[in-house]
There are 2 protein chains.
Amino acid sequence: MVQFVHPSREDITLAGVLAALADPMRLRIVKSLLEQSNDCMSCTEAMPCPGMAKSTLSHHFRVLREAGLIQTSKQGVEHRNVVRVADINARFPRLLKTILGYPEGT
Amino acid sequence: MVQFVHPSREDITLAGVLAALADPMRLRIVKSLLEQSNDCMSCTEAMPCPGMAKSTLSHHFRVLREAGLIQTSKQGVEHRNVVRVADINARFPRLLKTILGYPEGT
DNA sequence: TTCAATAGTTCACTATTACTGAACTATTGA
DNA sequence: TCAATAGTTCAGTAATAGTGAACTATTGAA
């Protein structure tokens, strides 16, 4: 049985969030998730580039999860991921909106 | 003769800036620099914690410099560092103010 | 029930990056 | 010219990232 590690809201650190977002792949994953109507996607749906290895993708999701940026829950055979918008906004107001507002590839 | 590498404004990347700030030491260095009246300090003046090795400090300044966050110029025997506020604000509006606005240790 | 397919994780290995002591360069002042 | 100061560079170790291979868990079909 797989158990996911999700830090509580107060354990989310600025350094952790910045480090997690300081990677183009992960930034794109978070953007993809937020562009969904329900903010919810499986890991492969949110894959930033086609050829990427499954284990690499899994690694990026784990980094985002352990930084407190996303919440992962198992639904059937796939994992549904949601950005923890409320938690991040409570802890670091305007941070998400600011960082994700810049155009792709900057 | 020591030559410093400073990226031009358009070469400053979001990932680079976030990675540079995703370290408590470097975040404190940038905060220190901005709290100065002239935003200008030598490396040792901006040292985030007393016992830190000189080479580690130098390393952190280099990361900040190569990310485009600070500009370093030699004045006499010491190096004066300035935060490139205009460049960062032009490239990533509100980013600096947002990130540096959170209380210490978050 | 059993077997195959799918989604994702974990392991193990290599490759890159970070930290720091030691040695070095450059400037100033005695 | 010599010593002191500020900081860099080098080299070695420690930590972190990327990925193929093997594994777990769920679903659906024979």
Side-chain angles (χ1 to χ4, degrees), chain A residues 1-7 13 15-30 32-33 36 40-82, chain B residues 1-7 13 15-30 32-33 36 40-82:
Chain A
M1 178 57 186
V2 184
Q3 254 334 96
F4 294 121
V5 179
H6 290 103
T13 67
V17 170
L18 294 182
L21 294 178
D23 180 292
M25 301 295 173
R26 292 196 288 265
L27 205 56
R28 284 170 66 180
I29 292 175
V30 173
S32 296
L33 289 177
Q36 287 305 104
C40 185
M41 288 173 102
S42 73
C43 295
T44 43
E45 281 174 329
M47 169 146 20
C49 50
M52 174 177 283
K54 272 196 311 178
S55 47
T56 306
L57 187 65
S58 182
H59 164 71
H60 284 313
F61 273 91
R62 184 157 63 91
V63 172
L64 289 171
R65 194 184 305 131
E66 293 180 354
L69 273 161
I70 64 172
Q71 172 143 44
T72 308
S73 57
K74 195 152 192 177
Q75 282 184 17
V77 74
E78 62 186 23
H79 293 183
R80 305 302 293 179
N81 298 283
V82 194
Chain B
M1 178 55 186
V2 185
Q3 251 337 91
F4 294 122
V5 179
H6 290 103
T13 67
V17 170
L18 293 183
L21 294 179
D23 180 293
M25 301 297 174
R26 292 196 288 265
L27 205 57
R28 284 169 67 180
I29 291 174
V30 174
S32 296
L33 289 177
Q36 289 304 106
C40 184
M41 290 173 99
S42 73
C43 296
T44 43
E45 281 173 330
M47 169 146 18
C49 50
M52 175 176 283
K54 270 195 312 176
S55 47
T56 306
L57 188 64
S58 182
H59 163 71
H60 284 313
F61 272 91
R62 185 156 64 91
V63 172
L64 289 171
R65 194 184 305 131
E66 293 181 354
L69 274 161
I70 64 172
Q71 173 143 43
T72 308
S73 57
K74 193 151 191 178
Q75 283 186 16
V77 73
E78 63 187 20
H79 294 184
R80 307 301 292 180
N81 298 283
V82 193

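- To the nearest 0.5 Å, atoms CZ (B:Arg26) and CD1 (B:Ile70) are separated by 10.5 Å.
- Summarising the base pairing, C:dA26 is matched to D:dT5 through a Watson-Crick or G-U wobble pair whose two defining distances lie under 3.5 Å.
- Nucleic acid contact for A:Arg65: sugar-phosphate only, since backbone atoms but no base atoms lie under 4.0 Å from a heavy atom of the residue.
- Atom CD of A:Glu78 and atom C1' of C:dT9 are 15 Å apart (whole Å).
- Distances shown here put every side-chain N or O of A:Ser55 at or beyond 4.0 Å from the OP1 or OP2 atom of D:dG18.
- The distance from atom NZ of B:Lys74 to atom P of C:dT25 is 12 Å, rounded to the nearest whole Å.
- Taking only side-chain nitrogens and oxygens, B:Thr56 comes nearer than 4.0 Å to OP1 or OP2 of C:dT20.
- Comparing B:Arg62 and A:Leu57 by the nucleotide of DNA chain D that holds the closest heavy atom to each, the one mapping nearer the 5' end is B:Arg62.
- From B:Phe61, atom CZ reaches atom NE2 of B:His79 across 11.0 Å, with rounding to the nearest 0.5 Å.
- When both distances must be under 3.5 Å, the Watson-Crick or G-U wobble mate of D:dT13 is C:dA18.
- What separates CG of B:Asp23 from P of C:dA18 is a distance of 9 Å, to the nearest Å.
- Put simply, CD on B:Glu66 is 13 Å from C1' on D:dT9, counting in whole angstrom units.
- Closest-nucleotide positions on DNA chain D for B:Val77 and A:His59 were compared, and the one nearer the 5' end corresponds to B:Val77.
- Nucleotide C:dA18 holds its C1' atom 19 Å from the NZ atom of B:Lys54, rounded to whole Å.
- Sequence order on DNA chain C of the closest nucleotides to B:Gly76 and B:Ala53 puts B:Ala53 first from the 5' end.
- Atom CD in B:Gln75 sits roughly 13 Å away from atom C1' in D:dA6 (whole-Å rounding).
- Atom NE2 of A:His60 sits about 5.0 Å away from atom CG of A:Asp23, to the nearest 0.5 Å.
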After noting the C-alpha distance and the side-chain angles of A:Val5 and A:Arg62, does the key distance pass the side-chain contact (heavy atoms from CB on, under 4.5 Å) rule? CA-CA 8 Å; A:Val5 179; A:Arg62 184 157 63 91; over 6 Å; no
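- At a threshold of 4.0 angstrom between heavy atoms, the contacts of A:Arg26 with the nucleic acid are absent.
- Rounded to whole angstrom, the span from the NE2 atom of A:His79 across to the C1' atom of D:dT26 amounts to 10 Å.
- What separates CG of B:Asn81 from C1' of D:dT8 is a distance of 13 Å, to the nearest Å.
- Note that CG of B:Asn81 is 4.0 Å distant from OG1 of B:Thr72, once rounded to the nearest 0.5 Å.
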